[in-house]
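See below for the structure under consideration.
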Amino acid sequence: MIAFVSGPVAALAPDSAVVEVGGIGIAVQCSPNTLSGLRMGQQTKLATSLVVREDSLTLYGFADDDERGTFELLQTASGVGPRLAQAMLATHSPDALRRAIATGDEKTLTAVPGIGKRGAQKLLLELKDRLGEPLGTSTGIGAPVGTGWRDQLHAALIGLGYATREADEAVSAVAPQAEAAEGTPQVGQLLKAALQTLNRAR
């Protein structure tokens with residue numbers, strides 16, 4: 001079990017990062033929330049979870065131990081694999097998921113791509129006694145952000161290697177989505193939308 005990786009960020013992509021550990025580049029699959037906090041060349045420490053399949057070994061990386069623990073607990077529900085668990089954490093913070101499960105909030109779960117009404121009902125039943133109560137202290141990368149989303153999103157795009165002009169245009173393109181969001185927008189979701197606009201423009 002690889003519990004964490006620590007070292008300089010050697011490469012960034014829309015869904016992964018490479019962390020240099022002892023002269024070896026370790027590829028780590030990360031959610032947009034986690035990637036938004038990474039910068040090329042800067043030191044980082046990611047909590048990790050190794051998923052073993054017959055034909056692959058995939059290392060998933062997280063901003064903290066809480067995200068990793070939630071990722072692993074989500075997969076104890078039938079039909080939830082690592083990709084869906086990661087999508088859930090890309091859409092909601094661990095505390096938001098705990099709150100949704102504790103209160104039977106189907107709407108929060110169906111906001112995750114790949115989860116329909118029936119799937120949400122099944123998850124509510126299976127995870128009710130597994131995720132625990134909300135901690136009420138969720139503040140890190142995975143938490144919703146307020147008015148600072150523009151700066152965080154812009155910095156994340158620059159960190160992924162986009163030019164300042166491209167980052168400016170992408171931030172402007174997703175601004176209507178951010179302003180229309182219920183409550184406060186999440187940088188992870190906005191980063192995914194911004195990357196889609198940049199890919200279409202190329």
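Everything numeric in this text was worked out from a predicted model, so none of it was measured. Just so you know, residue 1 is the first one in the sequence shown, and it goes up from there.
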Under the side chain to side chain donor-acceptor pair (under 3.5 Å) criterion, do S49 and E72 qualify, and how do the steps go?
CA-CA 8 Å; S49 178; E72 293 173 347; 2.9 Å; yes

Quick one: closest heavy-atom pair of [X] and [Y], and the distance?
X	Y	result
C30	Q86	C-NE2, 3.3 Å
A96	H92	CB-CB, 4.0 Å
I2	V5	CG2-CG1, 4.2 Å
S6	V21	O-CG2, 3.7 Å
L35	A17	CD2-CB, 4.0 Å
A120	T110	CB-CG2, 3.8 Å

Short question: side chain of [X], backbone of [Y] - any donor-acceptor pair under 3.5 Å?
X	Y	result
R39	S36	yes
R130	L74	no
R68	Y60	no
T103	R99	yes
E67	A63	yes
E166	A163	yes
S16	A13	no
Q75	F71	yes

Could you grab the distance from atom [atom1] of [X] to atom [atom2] of [Y], nearest 0.5 Å is fine?
X	Y	atom1	atom2	result
L89	L97	CG	CG	6.0 Å
N33	L191	CG	CG	8.5 Å
L46	F4	CG	CZ	11.0 Å
D105	L124	CG	CG	8.0 Å
M88	L84	CE	CG	6.0 Å
T48	L59	OG1	CG	4.5 Å

Please examine the side chains of D15 and S31, heavy atoms only from C-beta on, and report whether any two atoms are closer than 4.5 Å.
no

For residues S172 and E169, determine if any side-chain heavy atom of one lies less than 4.5 Å from a side-chain heavy atom of the other.
no

Any side-chain donor-acceptor pair under 3.5 Å between E126 and S78?
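Distance-only check passes for E126 and S78.
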
Side chain to side chain contact (heavy atoms under 4.5 Å, CB included) between V52 and T58, worked out
CA-CA 7 Å; V52 180; T58 307; over 6 Å; no

Any chain of hydrophobic side-chain contacts (each under 4.5 Å) joining I115 to L125?
no

Tell me whether L12 shares a hydrophobic cluster with V18, the cluster being built from Ile, Leu, Val, Met, Phe, Trp, Tyr side chains joined at under 4.5 Å.
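In one cluster with L12: V18, no.
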
Derivation and outcome, side chain to side chain contact (heavy atoms under 4.5 Å, CB included), residues L127 and T76:
CA-CA 8 Å; L127 294 172; T76 63; 4.2 Å; yes

Do R98 and D66 sit within salt-bridge range, that is, some charged N less than 4.0 Å from a carboxylate O?
yes

Within a reach of under 6.0 Å around CZ of R83, are more than 12 heavy atoms found that belong to other residues, nucleotides or ligands?
no

